[in-house]
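Only one structure is covered here, and it is reproduced in the block below.
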Amino acid sequence: MQPLARGAQRQLVSVELNTIRAARDWMTTLCGPHQLEVKQHNHLLFRHGGAVLTQMSVGMMEYSTQVHVKTEDLLYSYSISLPVQGTQCLEQRKKTVNSHPQQGVIMCPGHAARLSMSEDCRKYLVRVSRFAVEEKVSCLLRRPISQPVMFEPDMTVDDKVGAWWQLVGHVYSVLNQPSSLFDLPEVWQSFQESIITGLLYAQPNNYSHELEHIRLNRPAYLLDLEHFMRDHVGQDLSLDDLERTSGMNRERLYKDFRQVYNSTPMSYFRDLRFQEVRQRLLAATHNTSVSSIALDCGFSQLGRFAHEYQDRFGELPSETLRKRQH
């Protein structure tokens with residue numbers, strides 16, 4: 001299956017394959033390089049039906065037997081799936097997600113992953129081009145991006161995500177009609193844009209905070225100042241430092257922080273410090289101590305820090321670290 005040229009019509013696909021090699025090669029062409037492990041070869045009956053557009057594909061697939069998919073890097077695609085029956089389990093970026101009809105998963109390019117599917121797993125499968133996602137983020141932020149877009153792998157079907165999957169289901173049903181408005185590029189390109197944009201706003205990712213900031217039309221300098229704070233969590237910043245960095249006077253800072261964050265500038269900086277400590281504790285290795293992380297994040301009074309950390313997160317920092325290291 002060759003990729004479609006920009007402006008080309010949709011390409012309908014419907015395949016049934018019963019060999020590991022054929023199923024693997026088909027999915028490699030669609031989503032990216034991977035290995036396919038099947039315990040009961042004679043039970044394999046791979047089915048995939050749907051449609052391919054220029055920057056994405058939408059379909060329904062199943063293997064009819066228990067399979068394991070392993071990939072070092074999907075390279076150019078995000079693979080997004082939601083079972084309509086059965087279950088699957090994704091292991092990626094040190095996280096395990098059990099997937100079922102109320103819990104989808106996203107496999108991101110650039111990271112190794114293992115996906116196991118039950119024999120009765122039948123699921124929606126959406127492939128989205130990495131290029132299209134990064135292009136859309138750059139367009140929404142009105143600037144080039146420096147880091148790949150990384151979604152959280154667990155895609156819980158709540159209000160936003162549920163609405164996104166409803167859109168996917170609608171597009172899937174319309175795309176699979178032999179003749180439809182989707183034969184007009186002007187029509188399906190708009191749906192393609194809607195699915196990619198909706199995914200960026202519905203599913204948490206490393207650009208979610210900035211996208212939400214812009215969507216709410218918050219003062220642009222606040223985001224730059226927040227980045228400055230995050231980059232200097234280990235330093236004793238003063239209100240004078242924040243005024244000087246932002247170019248705003250104290251009255252404007254207090255007004256905007258109250259309106260946007262419901263906090264004062266210095267209280268917000270302290271909140272960021274605690275968030276950074278918790279993130280580091282949750283990612284810590286066995287040779288890391290609470291005190292070293294706290295000191296790196298600007299907390300010199302360790303007793304007071306531990307007490308306030310417990311008030312905020314309901315557990316001592318040592319308990320957070322112990323849970324991670326076990």
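Just so you know, these numbers use all the heavy atoms, side chains as well, and skip hydrogens, waters and symmetry mates. If you're wondering where the values come from, they're calculated on a predicted model, not measured in any experiment.
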Quiz question: by atom type and distance under 3.5 Å, do the side chains of [X] and [Y] form a donor-acceptor pair?
X	Y	answer
R114	H68	yes
D25	T28	no
R258	T264	no
T96	E91	no
T65	E119	no

Qualifying ring-ring contact (aromatic ring centres under 6.0 Å, His included) pairs, either residue in residues 236-256, two or more places apart: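 Passing the test, one end in residues 236-256: no pairs.
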Residue pairs fulfilling ring-ring contact (aromatic ring centres under 6.0 Å, His included) with at least one residue in residues 108-129, sequence neighbours excluded: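 Found Y124-Y172.
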Partner of S129 under side-chain hydrogen bond (donor to acceptor under 3.5 Å, both in side chains), chosen from Q55, E135, E134, Q192: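 Only one option passes, and that is Q55.
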Can we say [X] and [Y] salt-bridge, meaning some charged N sits less than 4.0 Å from an Asp/Glu carboxylate O?
X	Y	answer
K136	E193	yes
R218	E212	no
D256	R252	yes
R215	E210	no

Which distance, rounded to the nearest 0.5 Å, do you find between the [atom1] of [X] and the [atom2] of [Y]?
X	Y	atom1	atom2	result
R230	E276	CZ	CD	8.0 Å
M266	M229	CE	CE	7.0 Å
M56	L199	CE	CG	9.0 Å
R142	I214	CZ	CD1	5.0 Å

Can you give each donor-acceptor pair under 3.5 Å made by side-chain atoms of residues 77-87, sequence neighbours left out, with the distance rounded to 0.1 Å?
unit_1, atom_1, unit_2, atom_2, d
Y78, OH, V149, O, 2.5
S81, OG, Q88, NE2, 3.0
Q85, NE2, D120, O, 3.1

Without placing hydrogens or testing angles, list every side-chain donor-acceptor pair under 3.5 Å for residues 15-23, not counting sequence neighbours.
unit_1, atom_1, unit_2, atom_2, d
E16, OE2, R47, NE, 3.2
T19, OG1, A22, N, 3.1

Pairs touching residues 196-207 that satisfy side-chain hydrogen bond (donor to acceptor under 3.5 Å, both in side chains), sequence neighbours left out: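 The answer is N205-S208.
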Ring centre gap for Y309 and F299 strictly below 6.0 Å: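 Ring-ring flag for Y309/F299: false, centres at least 6.0 Å apart.
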Heavy-atom neighbours of R143 CZ exceed 12 at 6.0 Å: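 Enclosed.
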Partners passing salt bridge (charged side-chain N to carboxylate O under 4.0 Å, His left out) against E243 (at least two apart in sequence or in another chain):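 For E243, the residues satisfying salt bridge (charged side-chain N to carboxylate O under 4.0 Å, His left out) (neighbours in sequence not counted) are R250.
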